[in-house]
Amino acid sequence: MLMKEYRICMPLTVDEYRIGQLYMISKHSCEQSGGGEGVEVVRNESDTHPQHGLGQLTEKRIHLSSKLPSWVKAFVPRIFYVTEKAWNFYPYTITEYSVSFLPKFSIRIETRFENNNGDNDNVFGDMPTPAENVSFLDILSDPIPEKHHKDSEDLSRWQSNKTGRGPLEKGWRDNHKPIMCSYKRVQCSFEVYGLQTRTEEFIHKNIRDILLVGHKQAVAWLDEWHGMSLEEVREYEQTMQEKTNSKVKSSQNNTGPPAASRTSFFRSISVTDERCLKKMGVTTVAMSDPSASSVPPSPMRLNSNPE
């Protein structure tokens with residue numbers, strides 16, 4: 001299992017980002033959906049944690065088979081999705097990812113938000129992350145994939161009309177007020193001989209890119225969400241979820257096999273794919289029931305289950 005802790009600072013307060021996070025995730029999911037791929041929201045409902053209190057549980061299906069590198073496509077079924085379950089007990093969240101036919105694959109992301117510049121070395125309260133496993137991500141200067149670059153999201157030229165913040169300058173993390181940090185402890189596991197290291201490194205590379213893009217957008221879109229109430233952003237979230245689900249499903253209905261065929265395929269992958277997986281020592285399993293709900297204990301492997 002490969003574990004890393006990412007720390008991403010933003011020129012916001014933790015209270016502000018509670019709204020910005022919901023807005024950013026909803027808008028970004030809609031932007032990235034289409035052509036039969038993207039994020040389908042299965043459920044979004046209140047939930048209670050014995051330690052963290054009242055929160056929100058969201059379950060999503062992420063359809064992304066065409067976005068995989070060729071070496072992954074070689075052993076992954078042609079049509080599949082990743083299940084994401086997220087428990088939002090702000091300012092603490094848990095996100096878990098699973099793939100039904102790969103029981104040895106798991107990703108768990110714990111996040112805690114604090115009003116500081118990333119100087120808390122034991123933010124999760126159990127044990128400090130080894131320094132060599134901590135990475136600071138700079139939303140101003142760290143590179144992102146070219147396909148995600150937009151001039152309007154260049155924080156060296158960005159300025160908020162509502163708050164007067166920006167543009168960000170080199171060394172901004174040391175002196176900007178306000179400032180907050182998103183601490184993310186990411187545990188990734190793919191226990192398949194010969195593929196574990198390569199796959200886990202690939203997953204962390206993609207997680208890093210996603211974190212940078214998402215946090216940059218939350219800041220760049222500040223004037224779009226700043227001043228919204230929690231009720232207003234939840235209404236926006238519901239509207240965008242309906243739009244996103246419609247984009248994904250309409251494209252699948254137009255270009256993919258019938259729904260019944262897809263359901264059968266997800267529950268029993270093809271003989272060819274199953275042989276490939278067995279050669280790698282992977283045992284296939286049936287799809288779990290998405291209606292089953294429980295708050296995850298900590299720590300937890302991703303058996304029944306991504307900002």
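- Asn117 places none of its side-chain heavy atoms less than 4.5 Å from the side chain of Cys181.
- Ile179 CD1 to Glu114 CD: the interatomic distance, rounded to the nearest 0.5 Å, is 13.0 Å.
- Between Asn88 and Thr58, every side-chain heavy-atom pair lies at or beyond the 4.5 Å cut-off.
- Counting non-hydrogen atoms of neighbouring residues, nucleotides and ligands closer than 6.0 angstrom, the NZ atom of Lys243 reaches no more than 12 such neighbours.
- The salt bridge (charged side-chain N to carboxylate O under 4.0 Å, His left out) test applied to Glu200 returns no partner, not counting sequence neighbours.
- Checked against Ile139 for a side-chain contact (heavy atoms from CB on, under 4.5 Å), the options Leu211, Ile8, Ile144 give a single hit: Ile8.
- Ion pairing between Arg185 and Asp126 holds under the 4.0 Å rule for side-chain N and carboxylate O.
- Under the 4.5 angstrom side-chain criterion for Ile, Leu, Val, Met, Phe, Trp and Tyr, the cluster partners of Val134 are Phe136.
- Interatomic distance, OG of Ser229 versus CD of Glu235, reported as 7.5 Å (0.5 Å rounding).
- Atom-to-atom distance recorded for Ile207:CD1 and Phe202:CZ is 10.5 Å, nearest 0.5 angstrom.
- Within the structure, side chain to side chain donor-acceptor pair (under 3.5 Å) pairs that include any residue of residues 170-180 comprise Asp138-Trp172 (at least two apart or interchain).
- Using a 4.5 Å heavy-atom threshold, the side chains of Phe89 and Thr48 count as separate.
- Under a 4.0 Å N-O distance rule, the pair Glu59/Arg43 qualifies as a salt bridge.
- When all heavy atoms of Thr13 and Pro178 are compared, the pair lying nearest together is CG2-CB, 3.6 Å.
- No donor-acceptor contact under 3.5 angstrom links the side chains of Tyr183 and Glu5, judged on distance only.
- You'll find the side chain of Cys9 stays beyond 4.5 Å of the side chain of Met180, heavy atoms only.
- The pair Lys150-Glu31 meets the salt-bridge criterion, with a side-chain N (NZ, NE, NH1 or NH2) lying under 4.0 Å from an Asp/Glu carboxylate O.
- Between the side chains of Glu237 and Asn44, at least one donor N or O sits under 3.5 Å from an acceptor N or O.
- Looking only at side-chain heavy atoms (C-beta outward), Lys247 and Cys30 come within less than 4.5 Å of each other.
- When side chains are defined from C-beta on, Glu40 does not count as touching Thr244, because their heavy atoms never get closer than 4.5 Å.
- With sequence neighbours excluded, no residue satisfies side chain to side chain donor-acceptor pair (under 3.5 Å) with His52.
- With sequence neighbours excluded, the residues forming a side-chain contact (heavy atoms from CB on, under 4.5 Å) with Asp151 are His149, Arg157, listed by chain and number.
- For the side-chain hydrogen bond (donor to acceptor under 3.5 Å, both in side chains) with Tyr92, the qualifying choice from Glu110, Gln51, Arg112 is Glu110, the only one to do so.
- Here Asp15 pairs with nothing under the salt bridge (charged side-chain N to carboxylate O under 4.0 Å, His left out) rule; sequence neighbours left out.
- Under the 30°/60° scheme for interplanar angles, the aromatic rings of His28 and His148 are found to be tilted.
- The shortest distance between side-chain heavy atoms of Ile203 and Ile107 falls below 4.5 Å.
- Across every non-hydrogen atom of Ser156 and Leu140, the tightest pair is N-CD1, 3.6 Å.
- Taking 4.5 Å as the limit, every side-chain heavy atom of Pro167 sits out of range of all side-chain heavy atoms of Trp158.
- Using a 30° and 60° split on the angle between ring planes, Tyr17 and His215 fall in the parallel class, below 30°.
- Listed here is the closest heavy atom pair of Arg7 and Gly118: NH1-O, 2.9 Å.
- In the hydrophobic clustering of ILVMFWY residues, with side-chain heavy atoms under 4.5 Å counting as a link, Val41 and Ile25 come out apart.
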